[in-house]
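Below, chains carry the letters A, B, ... as their sequence lines are ordered, and counting in each starts from 1. What you are looking at is a predicted structure, and each value in this text was computed from that prediction instead of being measured. Note that these values count all heavy atoms, side chains included, but never hydrogens, waters or copies made by symmetry.
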Number of protein chains: 2
Amino acid sequence: MKKWNRNNAIADFVRSRRKNSKLTQIELADITGVGIRFLRELEQGKPNLMTDKINQILLFFGHTLTPTPISDEARRNLGK
Amino acid sequence: MKKWNRNNAIADFVRSRRKNSKLTQIELADITGVGIRFLRELEQGKPNLMTDKINQILLFFGHTLTPTPISDEARRNLGK
DNA sequence: ATAAATTATACCCAATTAGGTATAATACTC
DNA sequence: GAGTATTATACCTAATTGGGTATAATTTAT
């Protein structure tokens, strides 16, 4: 199995937003309608996820999955 | 089955980049190592796709999948 | 308009996901 | 440090994906 990466853009984003909102994983999962296990695997950095489910969560934070230049992505990671 | 959306950010991005590069679907699929059927479904706007596969393709264009504010996304769509 | 190339749709299958739940580990709070 | 809440890991199953290929439809070029 491919190795997980807890610090990928999506995992980081959801984890930090969730904490800012003072929500537990279970609460966020319930609110967004995804399974608790899915949210956990996402935050853990599982490599292969369904875009639809991810967007279900991102939508709650007013975001969505889009292609981004890698340079931007790298830049974004410098500040952490 | 959920309805497809040919004009979502990802489908549009890949389709237009591919054409700019003067590649056929088969060629791009071969180059990026994904199945031809996957690339077709992506460009057709299938709602549920594996992030890993998508990134495999985006990488070729120097991009990657990240959470983006919906407002930005909407803005982006105005110019087309 | 005709021929060739590209793209779209349909069929099958093996492999993997998401789901729930139970249990272990970790992080907080007092 | 004890007790509680939260998060992480493991097991099992149904449903869906991605893959290839064949065929139909559409687009492009001559």
Side-chain angles (χ1 to χ4, degrees), chain A residues 1-68 77 80, chain B residues 1-68 77 80:
Chain A
M1 180 186 276
K2 233 185 156 177
K3 84 167 197 285
W4 294 31
N5 171 21
R6 246 172 297 275
N7 293 322
N8 73 71
I10 299 171
D12 276 347
F13 178 85
V14 171
R15 206 181 316 113
S16 92
R17 289 286 182 135
R18 176 176 63 78
K19 291 195 171 171
N20 280 4
S21 303
K22 301 256 189 299
L23 294 170
T24 70
Q25 292 177 332
I26 293 182
E27 289 169 332
L28 182 56
D30 281 352
I31 293 174
T32 56
V34 306
I36 175 57
R37 251 227 2 228
F38 177 83
L39 177 56
R40 291 202 167 133
E41 293 183 338
L42 183 155
E43 291 196 5
Q44 231 67 28
K46 183 175 181 178
N48 262 346
L49 297 172
M50 309 296 304
T51 53
D52 213 36
K53 290 281 161 200
I54 299 177
N55 279 326
Q56 225 171 302
I57 296 176
L58 292 186
L59 188 61
F60 178 74
F61 297 116
H63 285 236
T64 188
L65 231 38
T66 62
T68 312
N77 282 336
K80 76 170 186 66
Chain B
M1 179 185 276
K2 233 184 158 176
K3 84 168 196 286
W4 294 29
N5 171 21
R6 244 172 298 274
N7 293 322
N8 73 70
I10 299 171
D12 276 348
F13 177 86
V14 172
R15 206 181 316 112
S16 90
R17 288 288 182 133
R18 176 175 64 78
K19 291 194 172 171
N20 279 5
S21 303
K22 301 254 188 299
L23 294 170
T24 71
Q25 292 178 333
I26 295 182
E27 289 169 330
L28 182 57
D30 281 352
I31 293 173
T32 57
V34 307
I36 175 59
R37 252 235 351 240
F38 177 83
L39 177 56
R40 291 201 168 134
E41 292 182 338
L42 183 156
E43 290 196 5
Q44 230 66 27
K46 183 175 181 178
N48 263 344
L49 296 172
M50 310 296 303
T51 52
D52 213 37
K53 289 279 162 200
I54 299 178
N55 279 327
Q56 226 171 302
I57 295 175
L58 292 186
L59 188 61
F60 179 73
F61 298 116
H63 285 237
T64 187
L65 229 39
T66 62
T68 312
N77 282 336
K80 75 170 186 68

Overall bend - the helix from dA1(C)-dT30(D) to dC30(C)-dG1(D), comparing terminal axes fitted on five pairs, nearest 10 degrees = 80°
For L39(B) and A29(B), the nearest pair of non-hydrogen atoms, with its separation, is CD2-N, 3.8 Å
Integer-rounded Å distance: dT16(D) P and W4(B) CH2 = 14 Å
For L65(A) and N55(A), the nearest pair of non-hydrogen atoms, with its separation, is N-OD1, 3.0 Å
Enter the distance from L23(A):CG to R17(A):CZ here, rounded to the nearest 0.5 Å.
-> 12.5 Å
Which residues share a salt bridge (charged side-chain N to carboxylate O under 4.0 Å, His left out) with R15(B), sequence neighbours left out = D12(B)
Separation of dT7(D) P from K22(A) NZ (nearest whole Å) | 12 Å
Say you draw a straight line from CG of N5(B) to CD of Q44(B); how long is it, rounded to the nearest 0.5 Å?
-> 11.0 Å
Is R18(B) touching bases, backbone alone, or none of the nucleic acid, heavy atoms closer than 4.0 Å?
-> sugar-phosphate
Do any pairs count as a salt bridge (Lys or Arg N to Asp or Glu O under 4.0 Å) and have a residue in residues 26-37 of chain A, sequence neighbours left out, and if so which ones?
-> R37(A)-E41(A)
For residues 26-42 of chain B, which residues have at least one heavy atom under 4.0 Å from DNA chain C?
-> R37(B), R40(B)
Shortest non-hydrogen pair, Q56(A) vs G33(A), comes out as NE2-O, 3.4 Å
Describe the nucleic acid contact of R15(B) in one word from base, sugar-phosphate, nothing, applying a heavy-atom distance below 4.0 Å.
-> nothing
For the residue pair H63(A) and F13(A), categorise the inter-ring angle as parallel (less than 30°), tilted (30 to 60°) or perpendicular (more than 60°).
-> tilted
Return the minimal non-hydrogen interatomic distance between T32(A) and L28(A), and the atom names on each side.
-> OG1-O, 2.7 Å
Distance-minimising heavy-atom pair for K53(B) and N48(A) | N-OD1, 4.3 Å
Mind checking which nucleotides bracket the chain A contacts on DNA chain C, 5' to 3', with an atom under 4.0 Å from a heavy atom?
-> dT17(C) to dT21(C)
Drop me the distance from Q25(A)'s CD to K19(A)'s NZ, to the nearest 0.5 angstrom.
-> 8.5 Å
Closest non-hydrogen atoms of A11(A) and E43(A), given as atom of the first, atom of the second and distance, are CB-O, 3.7 Å
Identify, residue by residue, the members of residues 43-65 of chain A with a heavy atom below 4.0 Å from DNA chain D, and return them in order of residue number, or none.
-> Q44(A), M50(A)
Side chain T64(B), main chain L58(B), donor-acceptor under 3.5 Å = no
